[in-house]
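Just the heavy atoms: all of them, side chains too, but no hydrogens, waters or symmetry mates, feed the values below.
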Amino acid sequence: QVQLVESGGGSVQPGGSLRLSCEASGSGPLPSHWAIGWIRQAPGRTPQQREGVAAVTVGGGNTIYADSVKGRFTISLDNAKNTLYLTMNNLKPEDTAMYYCAAAIGDNLPAFIATMERLSDFGYWGQGTRVTVSS
């Protein structure tokens, strides 16, 4: 069993920065054949309309980003601390959402993103941390 706890959300003005953290606990280190990432749900959207933001393979460190965040967001995984980070720069109002940390078996990142966008009961999920970007 894996528990994921997010932190770091808040309210910022457009152009600002935040760093989200997701601490994984419960079963020792995350398995190397897993992927972990960030999925967001904008206000007014249903769970089935969540958007995969970024993900990383636990073993290989490969990454994937949504086009909407490329060049602004950076995902990183500290395996020693079992903690996932999302550094978000140049935030825009459209980044406003609840950000969830999610982990699951499998190291095919496009498939991981597609699956986690559709199936909120697959794998392991945190409770989310809210990010609000407004002036």
Side-chain angles (χ1 to χ4, degrees):
Q1 196 74 357
V2 175
Q3 289 82 45
L4 301 173
V5 179
E6 304 97 333
S7 62
S11 295
V12 296
Q13 293 185 341
S17 298
L18 284 173
R19 189 176 82 153
L20 307 184
S21 299
C22 170
E23 183 175 356
S25 62
S27 298
L30 289 171
S32 61
H33 57 288
W34 280 34
I36 186 169
W38 296 93
I39 313 295
R40 68 186 180 186
Q41 183 174 343
R45 297 294 183 98
T46 67
Q48 291 72 30
Q49 294 174 309
R50 288 175 176 171
E51 177 189 19
V53 176
V56 58
T57 55
V58 175
N62 297 315
T63 59
I64 190 170
Y65 294 91
D67 288 342
S68 59
V69 306
K70 282 180 182 176
R72 300 187 298 121
F73 291 11
T74 302
I75 191 170
S76 59
L77 177 63
D78 186 332
N79 282 312
K81 296 182 178 179
N82 246 15
T83 300
L84 179 73
Y85 301 98
L86 185 69
T87 302
M88 305 185 295
N89 295 319
N90 190 22
L91 282 160
K92 303 177 180 181
E94 52 263 42
D95 295 318
T96 295
M98 183 72 83
Y99 283 71
Y100 297 92
C101 176
I105 191 170
D107 56 9
N108 180 315
L109 290 179
F112 172 82
I113 290 291
T115 299
M116 303 315 264
E117 284 180 340
R118 295 197 321 272
L119 302 176
S120 57
D121 59 350
F122 181 79
Y124 298 93
W125 292 76
Q127 293 301 304
T129 185
R130 188 173 301 279
V131 172
T132 302
V133 185
S134 71
S135 53

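- Pairs passing the side chain to side chain donor-acceptor pair (under 3.5 Å) check and including a residue from residues 8-17, sequence neighbours excluded, read Ser17-Asn89.
- Pairs engaging residues 97-120 under the salt bridge (charged side-chain N to carboxylate O under 4.0 Å, His left out) rule: none recorded [sequence neighbours left out].
- Under the salt bridge (Lys or Arg N to Asp or Glu O under 4.0 Å) criterion, Glu23 pairs with no residue, sequence neighbours left out.
- Pairs of residues two or more places apart, or lying in two chains, never qualify as side chain to side chain donor-acceptor pair (under 3.5 Å) while including a residue from residues 123-135.
- Linking ILVMFWY residues whenever their side-chain heavy atoms come closer than 4.5 Å, directly or via other members, places Val53 and Val133 in the same cluster.
- Judged as a disulfide (SG to SG under 2.5 Å), the pairs with a partner in residues 6-41 (not counting sequence neighbours) are, in order, Cys22-Cys101.
- Minimum heavy-atom separation, Gly128 to Glu6: N-OE1, 2.9 Å.
- Between Gln3 and Gly26 the shortest heavy-atom distance is OE1-CA, 3.4 Å.
- Cluster annotation: Leu109 and Tyr65 are assigned to distinct hydrophobic clusters (Ile/Leu/Val/Met/Phe/Trp/Tyr, side-chain heavy-atom contacts under 4.5 Å, transitive).
- Under the 4.5 Å side-chain heavy-atom criterion for Ile, Leu, Val, Met, Phe, Trp and Tyr, Val5 and Tyr100 are members of distinct hydrophobic clusters.
- Looking only at side-chain heavy atoms (C-beta outward), Met88 and Leu20 come within less than 4.5 Å of each other.
- The two residues Val131 and Gly9 come nearest to each other via the heavy atoms CG2-CA, 4.2 Å.
- A disulfide (SG to SG under 2.5 Å) check over residues 28-73, counting only residues at least two apart or in different chains, returns nothing.
- Linking ILVMFWY residues whenever their side-chain heavy atoms come closer than 4.5 Å, directly or via other members, places Met98 and Phe122 in the same cluster.
- In this view, Asp121 satisfies the salt bridge (Lys or Arg N to Asp or Glu O under 4.0 Å) rule with no residue, not counting sequence neighbours.
- Heavy-atom minimum distance, Ala66 versus Gly52: CB-O, 3.3 Å.
- Contacts of Pro43 classified as side chain to side chain contact (heavy atoms under 4.5 Å, CB included), with partners at least two apart in sequence or in another chain: Thr96.
- Placement of Ile39 and Leu119 within a single hydrophobic cluster is found when ILVMFWY residues are connected by side-chain heavy-atom separations under 4.5 Å, directly or transitively.
- Contact between Leu18 and Gly8 at its shortest, heavy atoms only, is CD2-O, 3.8 Å.
- Remark: Pro29 pairs with Asn82 by the side chain to side chain contact (heavy atoms under 4.5 Å, CB included) rule, at least two apart or across chains.
- In this view, Tyr99 and Arg40 satisfy the side-chain hydrogen bond (donor to acceptor under 3.5 Å, both in side chains) rule, not counting sequence neighbours.
- Within the 4.5 Å cutoff, side-chain heavy atoms of Trp38 are placed close to those of Leu84.
- Under the side chain to side chain contact (heavy atoms under 4.5 Å, CB included) criterion, Ala103 pairs with Leu4, Trp34, Ile36, sequence neighbours left out.
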Can you list, pair by pair, the side-chain donor-acceptor contacts under 3.5 Å of residues 71-79, counting residues two or more places apart and other chains?
residue : atom : partner : partner atom : Å
Arg72   : NH1  : Asn90   : O            : 3.0
Arg72   : NH1  : Asp95   : OD2          : 2.7
Arg72   : NH2  : Ser68   : O            : 2.8
Arg72   : NH2  : Asp95   : OD1          : 3.0
Arg72   : NH2  : Asp95   : OD2          : 3.4
Asp78   : OD1  : Ala80   : N            : 3.1
Asp78   : OD1  : Lys81   : N            : 3.2

